[in-house]
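Step one of this worksheet: look at the structure below.
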There are 2 protein chains.
Amino acid sequence: MIRLLIADDHPVVRAGLRAVLECEPDFAIVAEAATAERAVELAAEPGVDVVLMDLQFGPGSAMNGAQATAAITARAGAPRVLVVTTYDTDADTLPALEAGATGYLLKDAPPEELAQAVRAAAAGRSALAPSVADRLLERMRAPAAALSARETEVLGLVADGLTNQQISQRLHLSQATVKSHLVHIYTKLAVDSRTAAVREARGRGLIR
Amino acid sequence: MIRLLIADDHPVVRAGLRAVLECEPDFAIVAEAATAERAVELAAEPGVDVVLMDLQFGPGSAMNGAQATAAITARAGAPRVLVVTTYDTDADTLPALEAGATGYLLKDAPPEELAQAVRAAAAGRSALAPSVADRLLERMRAPAAALSARETEVLGLVADGLTNQQISQRLHLSQATVKSHLVHIYTKLAVDSRTAAVREARGRGLIR
DNA sequence: AAACGCATCAATCAAAAGGTTGAACTCGGG
DNA sequence: CCCGAGTTCAACCTTTTGATTGATGCGTTT
């Protein structure tokens with residue numbers, strides 16, 4: 001019997017996961033959490049094998065799903081965390097996997113795939129949505145053009161149309177630092193302006 | 001007895017809506033659609049009172065929820081359409097409401113609110129999520145602020161990160177004209193920078 | 001016809017942002 | 001232990017932007 005904790009801020013999604021999973025005879029939903037903090041609390045108690053974790057916990061929540069995942073997996077004997085989210089971007093998947101998630105599924109997955117992934121997670125095996133697996137492999141193959149984490153962060157804000165000043169405030173940096181990052185980004189991407197960098201990075205999938 | 005059609009591409013969400021709504025004694029889920037096209041087909045048949053419509057139907061779908069809503073409500077004797085979505089932006093809500101949706105709810109709504117909204121829709125009354133209602137009223141108070149075609153065109157290029165000079169070349173204008181348009185845009189949108197204008201216009205759905 | 005909004009352009013000026021160069025510090029690996 | 005990569009910053013110069021003022025022609029509306 002695999003004991004599940006469902007962590008999602010949407011009541012409808014919780015009900016949907018419960019409805020889909022509790023018809024599996026070997027599954028038992030033992031708890032639900034509507035906030036990331038509550039999920040961490042509940043996952044700390046014994047009697048949970050797999051946590052189904054959403055990444056987005058709506059505004060008014062200090063903690064996101066990736067942070068909660070990190071907090072849960074940090075403990076010894078922690079349950080496995082299976083991320084189940086709507087979003088499928090590098091910006092979301094990588095932090096979640098780095099935080100120790102055992103798997104990463106999309107909410108549009110068919111119920112059967114969900115159940116398989118839960119069983120895989122319970123057994124300690126990984127379960128990735130095909131699109132996620134694709135991008136991970138592609139990332140492995142493409143060794144080049146890697147922007148550093150900070151550079152990616154800066155470029156993301158550039159893509160959102162922020163000025164260097166706004167970026168510096170957002171990241172608690174000086175404008176000089178932001179500009180410096182941009183110079184490095186330009187050389188790495190072989191471009192010479194912010195808009196060209198954004199286009200290039202979008203094309204390569206470095207930023208959503 | 002209120003007969004419901006659930007249209008959503010996520011199996012989990014469909015299951016969740018069904019689980020939440022079918023425990024209401026006066027509701028009956030008579031059909032489900034995983035695509036917008038299928039939803040239009042099913043809504044055309046008699047025996048449906050309210051359609052719960054998602055807006056996003058995943059890539060690989062030609063029709064979105066707003067278009068499906070328009071197609072459904074265009075017919076005489078059509079069922080009411082209640083939009084239930086994750087997103088809460090002007091760019092999403094306005095087209096949906098213009099397409100004839102009777103209500104607009106967010107998926108994080110508590111089950112009770114959902115049920116109330118369905119009953120309201122079945123009775124022909126409107127049901128809007130509080131945040132949506134707020135923004136609609138605010139829009140009513142604010143006198144329109146529609147941009148001219150040319151202004152929208154310019155702002156679209158600004159949103160793409162082009163400089164005034166690049167825009168002037170693209171549109172065969174002088175930089176002076178571009179600046180002039182921008183000044184008008186700023187006053188109409190009550191902002192004072194290009195990035196703020198882009199944000200504002202995106203929020204209002206004036207540009208993609 | 002007059003008034004109005006729209007689109008077009010010119011010129012000027014201060015402020016902001018962008019881009020370049022150079023340099024310090026940290027940290028992990030050879 | 002030194003090297004390179006990453007992060008941080010300053011000073012400097014150029015480009016862009018935004019504000020302002022003003023002008024022309026062209027449709028619509030009044």
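All chains are named by letter (A, B, ...) in the order of the sequence lines, taking the proteins before the strands, and each is independently numbered beginning at 1.
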Bend across the helix from C:dA1-D:dT30 to C:dG30-D:dC1, to 10°, with axes taken over 5 pairs at each end? 30°
What is the separation between atom CG on B:Leu182 and atom P on C:dC6, rounded to the nearest whole Å? 15 Å
Under-4.0 Å salt bridge between A:Lys107 and A:Asp8: yes
Judged by each residue's nearest nucleotide on DNA chain C, which is more toward the 5′ side, A:Val183 or B:Leu173? B:Leu173
Which nucleotide wins on minimum distance to the side chain of B:Lys188, given the candidates C:dC6, D:dG18, C:dA10? C:dC6
If you take all heavy atoms of A:Ala33 and A:Leu42, which pair is closest and at what distance? CB-CD1, 4.0 Å
Residues A:Lys188 and A:Glu151 bridged, charged N to O under 4.0 Å: yes
For B:Arg38, is there an ion pair with B:Glu32 - N to carboxylate O distance below 4.0 angstrom? no
Nearest to the side chain of B:Thr163, which nucleotide is it out of D:dC9, D:dT16, C:dC9? D:dT16
Step-by-step side chain to side chain donor-acceptor pair (under 3.5 Å) determination, B:Thr177 to B:Ser180: CA-CA 5 Å; B:Thr177 306; B:Ser180 180; over 6 Å; no
Starting at the 5' end of DNA chain C and moving along, which residue's nearest nucleotide shows up first, B:Ser174 or B:Lys179? B:Ser174
Counting any heavy atom closer than 4.0 Å, what does B:Ser193 reach on the DNA or RNA strands: base, sugar-phosphate only, or nothing? sugar-phosphate
Check whether any side-chain N or O of B:Asn164 sits under 4.0 Å from OP1 or OP2 of D:dT16, and answer yes or no. no
Between CZ of B:Arg194 and C1' of D:dT16 the distance, given in whole Å, is 8 Å
With the side chain of B:Ser148 defined as its heavy atoms from C-beta on, choose the nearest nucleotide among D:dT17, D:dA10, C:dC6. C:dC6
Rounded to whole angstrom units, what separation is found between the CG atom of B:Asp192 and the C1' atom of D:dA19? 11 Å
Can you tell me if the side-chain N/O atoms of B:Arg150 get under 4.0 Å from OP1 or OP2 in C:dT8? yes
Between C:dA17 atom C1' and A:Tyr186 atom OH, what is the distance in whole Å? 11 Å
If you take all heavy atoms of B:Val83 and B:Ala96, which pair is closest and at what distance? CG2-CB, 4.1 Å
Distance in angstrom units between A:Leu171 CG and D:dT8 P, rounded: 8 Å
In plain terms, say whether A:Asp26 and A:Arg119 are close enough for a salt bridge, that is, a side-chain N and a carboxylate O under 4.0 Å apart. yes
Using the side-chain heavy atoms of A:Ala176, tell me which of these nucleotides is nearest: D:dG18, D:dC9, C:dA7. D:dC9
Any idea which heavy atoms bring A:Met63 and A:Ala71 closest together, and the distance? CE-CB, 4.3 Å
When only distance counts, do a donor and an acceptor, one from the side chain of B:Thr177 and one from the base of C:dC9, lie under 3.5 Å apart? no
Interatomic distance, B:Gln166 CD vs C:dG18 P [rounded to whole Å]: 13 Å
Separation of atom CD1 in A:Ile185 from atom C1' in C:dG18, rounded to whole Å: 14 Å
Can you identify which nucleotide, out of D:dA19, D:dT16, C:dA10, has its nearest atom closest to the B:Gln165 side chain? D:dT16
Using whole Å, report how far CD of B:Gln175 lies from P of D:dG18. 12 Å
Among the candidates C:dT20, D:dT7, C:dT8, find the nucleotide nearest to the side-chain atoms of A:Glu151. D:dT7
Tell me whether the OP1 or OP2 atom of C:dT8 has a side-chain N or O from B:His181 closer than 4.0 Å. yes
